[in-house]
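Taking it in order: structure first as structure tokens, then the write-up.
Letters go in sequence order (proteins before strands), and every chain restarts at 1. Below, all heavy atoms of this structure are taken into account, side chains as well, without hydrogens, waters or symmetry copies.
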Amino acid sequence: MTATLLSETWWWSYVMILVAGWFATDVWRWLGVFAGGRLREDGELLIWVRCVATALVAGVISKLILFPQGILAETPLWLRLAAAGFGFAAFFVSRQKVIVGVLSAEAFLLCGWLALDALG
Amino acid sequence: MTASDRSAPAKTPLEPLVPSRVWMLRGARSAISIPAFILTAAFVGYAGLARETGLTIYETLALTGFVWALPSIVVLTGALSSGMGLIPAGIAVALASVRLMPMTMALMPLIKVEGKTKNWQLLVASHFVAVTAWVFAMKHLPDLPREGRLPFFIGFGAGVSSFVFCMTGISYLLVENLPEVVAGALFLLTPVYFLCSLWGASRLNADRAAMITGLVLGPLFFIYLPGLDLLWTGLAGGTLAYLGTRIARRGLS
């Protein structure tokens with residue numbers, strides 16, 4: 001009851017943003033500061049922490065490609081995978097230039113998408 | 001460990017040459033970069049989503065500035081539009097942001113000057129930890145002198161986030177309706193950019209192995225353990241990559 005009333009006041013969304021957004025996000029950063037303060041730069045523990053962080057980010061990447069948000073979800077899975085793979089290959093061929101990888105993937109996606117539209 | 005390590009506040013002769021202010025400005029200047037433009041494009045895509053969802057421009061900007069991590073912002077946008085309660089929304093956002101803790105942890109030994117850096121400085125810097133700045137920092141900070149790294153990172157983070165903040169506001173106002181193909185292309189930008197730059201930032205075989213295990217395990221955990229999937233991807237994938245490369249490095253000792 002109060003919840004429905006609250007959600008109609010203009011400031012409620014800002015309480016949501018501060019508590020459920022800012023605090024819920026930054027608390028992990030603060031914990032990371034305190035937990036990371038004791039790590040040695042050349043220690044084995046840091047290598048493991050870096051592995052965990054890298055695997056997490058890689059998980060975000062594959063989720064964004066396999067289960068995208070919004071309009072991209074309407075493209076076929078194989079097209080998204082092929083575009084990402086093409087971009088990554090171009091990234092290597094260009095001696096690891098990120099911009100080449102990104103633009104190649106986008107070009108592949110757009111060509112594929114327009115071609116599918118034209119055929120369909 | 002050794003005696004020389006113990007004498008922590010040893011002054012390096014280079015220290016007074018370049019003041020922190022200058023490092024901060026250098027960081028801000030290098031924020032004018034390809035990563036910043038790609039992140040901007042991703043937030044232009046987000047501004048369209050926020051507008052479609054019915055958020056006001058002030059709410060959109062508050063989310064951008066205060067949360068500053070795109071996946072968490074997208075989660076909270078969904079929560080706001082569906083009228084979710086404060087506690088469930090907070091839990092959903094917290095789950096989406098767990099990854100920031102190991103990322104921040106891995107950054108700390110890089111930017112900290114033992115015996116000199118204050119905790120509040122690190123807490124300020126930590127707000128800018130998000131994939132873009134983190135990947136950039138892991139790649140470029142090791143090349144800088146230790147004293148310059150923290151101010152450089154703060155300058156970079158503040159530069160990128162203020163630019164993205166302004167562009168998000170502008171695109172909220174200007175972009176009435178993105179053509180579908182453009183909106184879709186903007187959504188693909190982020191993962192491909194992360195893919196290339198994460199590989200570029202990896203320095204050890206362990207990092208590259210962790211990237212591969214993460215790519216493979218991410219969707220599997222998402223299907224079988226939704227909610228905590230990223231946490232499990234990190235712990236399982238990271239540990240697997242660490243152990244595998246450790247055995248390759250030094251056998252089963």
Side-chain angles (χ1 to χ4, degrees), chain A residues 3 7 13-14 16-22 24-26 28-33 35-37 39-41 46-72 75 80 83-84 87-88 91 96 98-99 101-102 105-106 109-110 113, chain B residues 34 59 62-63 66-67 69 72 76 80 83 85-86 89-90 93-94 97-106 108-109 122-123 126-127 129 131 180-181 183-185 187-188 190-198 200 206-207 210-211 213-215 218-219 222 230 233-235 237-238 241-242:
Chain A
S7 63
S13 58
Y14 294 96
M16 290 278 287
I17 290 169
L18 284 179
V19 178
W22 176 60
T25 310
D26 263 8
W28 295 112
R29 293 172 171 136
W30 301 330
L31 287 172
V33 169
L39 289 176
R40 288 179 52 89
E41 200 178 14
L46 178 63
I47 300 182
W48 177 73
V49 170
R50 281 181 62 143
C51 283
V52 172
T54 306
L56 263 165
V57 175
V60 175
I61 296 172
S62 60
K63 268 174 70 179
L64 285 172
I65 295 173
L66 293 182
F67 314 101
Q69 304 267 332
I71 190 75
L72 190 60
T75 56
R80 296 194 299 269
F88 198 54
F91 166 71
Q96 309 214 351
V98 173
I99 186 71
V102 169
E106 289 292 343
L109 177 82
L110 291 177
W113 201 340
Chain B
I34 291 162
E59 290 164 347
L63 274 169
F66 279 110
V67 182
S72 312
L76 191 55
L80 283 171
L86 185 66
V93 172
S97 333
V98 182
R99 76 205 138 77
L100 297 171
M101 183 178 167
M103 286 163 67
T104 312
M105 282 174 76
M108 285 303 119
L122 294 173
L123 289 174
S126 77
H127 182 66
V129 173
V131 177
E180 288 196 342
V181 175
F187 276 115
L188 188 77
T190 314
V192 175
Y193 162 67
F194 284 176
L195 190 69
C196 296
S197 56
L198 189 61
D207 297 335
M211 194 175 146
T213 53
L215 283 174
F222 177 68
L230 283 179
T233 306
L235 286 175
Y242 170 74

Note to self: Counting C-beta onward and ignoring hydrogens, is there a side-chain heavy-atom pair between A/Ile47 and B/Asp207 closer than 4.5 Å?
What the structure shows: no

Note to self: Is B/Phe187 in contact with chain A via its backbone, its side chain, both, or neither, using a 4.5 Å heavy-atom distance?
What the structure shows: both

Check: Going by the angle between their ring planes, with limits at 30° and 60°, are A/Trp22 and A/Trp30 parallel, tilted or perpendicular?
Finding: perpendicular

Next item on the list: Work out which heavy atom in B/Ser72 is nearest to a heavy atom in A/Thr25; give both atom names and the distance.
Entry: CB-OG1, 4.1 Å

Next item on the list: Go through A/Thr75 and A/Arg80 one step at a time and tell me if the side chain to side chain donor-acceptor pair (under 3.5 Å) criterion holds.
Entry: CA-CA 7 Å; A/Thr75 56; A/Arg80 296 194 299 269; 3.2 Å; yes

Notebook entry, point to check: Where on A/Trp113 is there a heavy atom nearer than 4.5 Å to chain B: the side chain, the backbone, both, or neither?
Noted result: side chain

Check: In terms of heavy-atom pairs under 4.5 Å, which option from A/Leu18, A/Ile61, A/Val60, A/Leu64 contacts chain B the most?
Finding: A/Ile61

Margin query: Looking at every heavy atom in both B/Phe66 and B/His127, which two are closest together, and how far apart are they?
Written below: O-CE1, 2.9 Å

Item checked: Greatest number of heavy atom pairs closer than 4.5 Å to chain A - which of B/Ala241, B/Ala183, B/Gly90, B/Gly200 -> B/Gly90

Note to self: Restricting to non-hydrogen atoms, name the atom on B/Met105 and the atom on A/Leu39 that form the minimum distance, rounded to 0.1 Å.
What the structure shows: O-CD1, 3.7 Å

Next item on the list: Please look at B/Ile34 and chain A and tell me whether the side chain, the backbone, both or neither of the residue comes under 4.5 angstrom of a heavy atom of that chain.
Entry: side chain

Item checked: Option in B/Pro191, B/Cys196, B/Ala185, B/Ala210 with maximal non-hydrogen atom pairs under 4.5 Å from chain A -> B/Cys196

Notebook entry, point to check: Do A/Val98 and A/Phe91 touch side chain to side chain, with heavy atoms closer than 4.5 Å?
Noted result: yes

Notebook entry, point to check: With chain A, which of B/Ala69, B/Ser97, B/Gly85, B/Ala89 has the greatest number of heavy-atom pairs at distances under 4.5 Å?
Noted result: B/Ser97

Next item on the list: Search all heavy atoms of B/Leu188 against all heavy atoms of A/Ala83 and return the closest pair with its distance.
Entry: CD2-CB, 4.1 Å

Item checked: Residue part contacting chain B, namely of A/Leu110, when any heavy atom lies under 4.5 Å -> side chain

Notebook entry, point to check: What part of B/Val131 is in contact with chain A, defined as an atom under 4.5 angstrom from a non-hydrogen atom: side chain, backbone, both or neither?
Noted result: side chain

Check: If you count heavy-atom pairs under 4.5 Å with chain A, which of B/Thr233, B/Thr213, B/Leu122, B/Val181 comes out on top?
Finding: B/Val181

Checklist line | Per-residue contact mode, B/Leu198 against chain A (heavy atom under 4.5 angstrom) | finding: side chain

Next item on the list: Name the option with the most non-hydrogen atom pairs under 4.5 Å to chain A; the candidates are B/Gly218, B/Ser197, B/Ser126.
Entry: B/Ser126

Margin query: For A/Leu46, which atoms come within 4.5 Å of any heavy atom of chain B: side chain, backbone, both, or neither?
Written below: side chain

Notebook entry, point to check: Of all heavy-atom pairs between A/Gly32 and B/Met108, which one has the smallest distance, and what is that distance?
Noted result: O-CG, 3.9 Å

Notebook entry, point to check: Can you name the nearest heavy-atom pair linking B/Ala106 to B/Pro109, along with the distance?
Noted result: O-CD, 3.5 Å

Checklist line | Closest-packed option against chain B by number of heavy-atom pairs under 4.5 Å, given A/Gly101, A/Gly37, A/Pro68 | finding: A/Gly37

Note to self: Is B/Leu195 close to chain A through its backbone or its side chain, or both, or neither, when contacts mean heavy atoms under 4.5 Å?
What the structure shows: both

Checklist line | Portion of A/Leu31 that has a non-hydrogen atom of chain B nearer than 4.5 angstrom | finding: both

